[in-house]
Amino acid sequence: MCGIVGYIGSRPASPIIIQGLKRLEYRGYDSAGIALYAKGTVNLYKTLGKVAELETLNDFAAASQCIGMGHTRWATHGIPSNANAHPHTSSSGELVLVHNGIIENYDALKRVLVKKGYTFQSDTDTEVLVNLIEDVQKTHNYKLGKAVQMALTQVTGAYAIVVFDTKKPNELVVAKLGSPLAIGIGDREFFIASDASPFIQFTNKAIYLEDHQMAILKQGKKPKIKNIKDGLVIDYYLQELELNLEQMEKGGYDHFMIKEIFEQPHAIKNTYRGRLLVDQSFIKMAGLEDHLEKLNNANRIIIVACGTSWHAALVAEYTFEDLARIPVEVEYASEFRYRNPIIAEKDVVIAISQSGETADTLAAIKLAKSRGAFVFGVCNVVGSSIARETHAGAYTHAGPEIGVASTKAFTTQVTVLTLIALRLAIFKGNISNSDFKHHLHELEMIPEKVEKALESDAQIKVIADIYKNSANCLYLGRGYNFPVALEGALKLKEISYIHAEGYPAAEMKHGPIALIDEHMPVIVIATKKGHYDKVVSNIQEIKARKGKIIAIVTEGDVDIRELSDHVIEVPETLEALTPLLTTIPLQLLSYHIAVLLGKNVDQPRNLAKSVTVE
Ligand code: F6R
């Protein structure tokens with residue numbers, strides 16, 4: 001978490017940094033800060049809260065300094081405050097640094113530095129790091145690059161840093177371990193950021209630093225990339241980026257979240273484009289073809305993920321077992337990594353992550369690899385740490401997801417996982433040709449059907465208004481739609497702060513039914529395919545206890561309409577594909593409730609888009 005931006009070149013740095021920080025606010029927004037250098041002086045501006053607050057401190061548009069760095073913070077060490085906001089300076093004021101990550105041994109390092117006379121203004125691990133670099137520099141009379149390299153060999157934890165030395169004002173030094181760092185290469189200028197979005201309008205050429213790498217960036221010179229462990233200069237790969245600026249903007253919508261909800265038909269099409277070959281009755285996935293045997297021979301598949309991606313994994317558990325007949329276990333990455341899991345030689349691990357940077361998922365992958373497992377990644381962000389750490393993988397191609405609450409990430413992950421399950425099912429001979437073709441055809445129709453499901457937007461807004469003041473909310477679903485119930489509840493709680501629980505509908509009678517009274521809205525996913533009669537019985541049970549029923553039903557259903565307070569229709573499809581449709585009204589319901597309550601839907605409190613800490 002936290003976003004960092006840096007610039008060195010001949011343009012005024014501040015508009016680039018301020019705009020860049022706004023694009024990175026999805027990574028945290030507890031505080032913001034900027035450091036600009038000119039004529040021997042570093043000007044520092046910091047504020048609690050968002051970048052918009054920072055802009056009120058100075059006329060940055062008029063600032064002409066051409067070197068600078070900025071930071072938007074998700075607090076780890078130290079409360080959100082001005083003092084704890086980055087950039088941080090060393091005791092002498094000569095070094096300036098921004099940091100994304102956690103220095104785990106900061107306390108021990110700090111004690112040594114305090115003994116040497118260093119003083120600290122903040123509670124952060126970052127201020128320890130900048131002083132450590134200064135100490136190494138002064139003790140050995142090193143240049144900045146060497147001091148950064150040597151200091152980092154004493155550090156444990158994770159970092160992406162930008163460091164500036166007022167004594168050497170024509171260079172920035174950057175380094176990475178565990179947290180992402182991209183360097184945009186312009187014409188005699190460098191842009192540094194946690195991802196490419198801050199500089200995509202200036203250059204589409206970037207270097208993504210690998211772990212244990214650092215770069216010395218001097219204006220007008222080639223970047224010098226070094227290995228932090230031994231200080232040796234190494235070659236780098238210049239990547240051509242495919243992002244465009246339009247994808248990074250709201251495009252007329254009030255919020256990124258609603259834009260991303262409405263982008264789903266297009267996003268799902270992008271996910272299966274070139275892979276779903278209905279005419280040839282074939283699924284072609286470049287990242288999968290070479291490893292089909294491995295998956296085919298797998299004793300079981302273990303899927304690791306967090307949050308919404310974990311819900312997509314639960315849907316995949318149904319699809320893989322149902323269609324491909326491969327046993328699947330779904331694990332929270334954070335639990336898997338710490339519980340000494342049994343991984344057999346023929347197990348395959350699939351890791352799912354929108355950002356590709358989630359620390360727990362990354363650690364779970366490393367653990368699985370260390371035990372000999374083959375790891376397949378499903379990521380959205382191209383070139384992300386998880387995409388690079390896995391043996392093979394498939395991108396979701398959802399385009400940038402900026403709203404903190406995942407929407408199109410979920411549906412595109414489910415799409416990729418369904419494609420994989422179907423490819424394996426036909427490869428293993430576990431599905432008939434006609435059934436396979438039927439699934440391909442129905443999957444191709446999904447974008448159109450999502451479009452149809454989105455037409456309920458106005459109706460859902462009315463329902464949101466009725467229930468916006470509820471204190472609690474229950475979400476029920478069965479089979480493929482049980483994970484959708486979990487995802488619906490997560491969406492509501494994370495953006496509206498209303499307590500919500502997702503349950504398998506049949507579990508209700510084992511406890512949660514005690515909660516039901518006339519004040520409890522219960523959202524029931526009750527589509528025709530999949531345990532319909534059983535869900536109808538569950539609805540009866542809720543009605544008997546005066547719960548308010550909002551049912552998500554298949555188009556044309558009349559039976560449930562009679563039992564429910566509200567019905568929201570989605571088009572009919574195959575059971576395995578229903579999550580792609582039933583999740584749409586739940587996303588819209590959460591969105592409208594949060595907006596009606598005046599919440600910040602794109603940047604809910606305490607959250608960040610990319611969870612790069614444990
Ligand atoms: C919820 C949400 C989070 C993420 C989780 C994993 O809307 O966005 O629960 O799904 O933090 O993130 P990724 O998929 O980037 O690994």
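First listed ligand is number 1; within each ligand, the first listed atom is number 1. We number each residue from 1, following the sequence as shown.
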Checklist line | Contact atoms of ligand 1, heavy-atom distance to Gln354 under 4.0 Å | finding: 13 (P), 14 (O), 15 (O), 16 (O)
Next item on the list: Identify the protein heavy atom lying closest to atom 6 (C) of ligand 1, giving its residue, its atom name and the separation to 0.1 Å.
Entry: Cys306 O, 3.3 Å
Notebook entry, point to check: Do Gln354 and Thr308 have a side chain donor and acceptor closer than 3.5 Å?
Noted result: no
Note to self: Going by the closest heavy atom to atom 10 (O) of ligand 1, which one wins out of Ile495, Thr308, Asp360?
What the structure shows: Thr308
Check: What protein heavy atom sits nearest atom 11 (O) of ligand 1, and how far off is it?
Finding: Val611 CG2, 3.8 Å
Item checked: Arg300 and Glu329 ion-paired at < 4.0 Å -> yes
Checklist line | Atoms in ligand 1 flagged as close to Ser353, the criterion being non-hydrogen separation under 4.0 Å | finding: 13 (P), 14 (O), 15 (O), 16 (O)
Check: Would His291 and Phe374 count as a ring-ring contact (aromatic ring centres under 6.0 Å, His included) if you check the C-alpha gap in whole Å, the side-chain angles of each, and the deciding distance to 0.1 Å?
Finding: CA-CA 9 Å; His291 309 285; Phe374 172 75; 4.8 Å; yes
Next item on the list: Specify whether Tyr467 and His566 have parallel, tilted or perpendicular ring planes, treating 30° as the upper limit for parallel and 60° as the lower limit for perpendicular.
Entry: perpendicular
Notebook entry, point to check: Short list, please: which atoms of ligand 1 are under 4.0 Å from a heavy atom of Lys491?
Noted result: 1 (C), 7 (O)
Checklist line | Polar side-chain atom of Asp347 near backbone of Ala344 as donor-acceptor pair, under 3.5 Å | finding: yes
Notebook entry, point to check: Sub-3.5 Å donor-acceptor pair from the side chain of Tyr29 to the main-chain atoms of Pro604, do we have one?
Noted result: yes
Next item on the list: For Ser309, counting its heavy atoms only, list the atoms of ligand 1 lying under 4.0 Å from any of them.
Entry: 10 (O), 13 (P), 14 (O)
Checklist line | Shortest protein heavy-atom distance from atom 12 (O) of ligand 1, along with the residue and atom involved | finding: Thr358 OG1, 3.4 Å
Checklist line | Residues forming a salt bridge (Lys or Arg N to Asp or Glu O under 4.0 Å) with Lys176, sequence neighbours excluded | finding: Asp211
Next item on the list: Within a distance under 4.0 Å of any heavy atom of Ala405, pick out the atoms of ligand 1 and give their elements.
Entry: 7 (O)
Item checked: Region of Glu494 engaging ligand 1 - heavy atom pairs below 4.0 Å -> side chain
Check: At a 4.0 Å cut-off, with the gap strictly under it, does some heavy atom of Val404 reach an atom of ligand 1?
Finding: yes
Notebook entry, point to check: Nearest protein heavy-atom contact for atom 15 (O) of ligand 1: which residue, which atom, what distance?
Noted result: Ser355 OG, 2.6 Å
Notebook entry, point to check: Is any NZ, NE, NH1 or NH2 atom of the basic residue among Lys452 and Glu569 found under 4.0 Å from an Asp or Glu carboxylate oxygen of the other?
Noted result: no
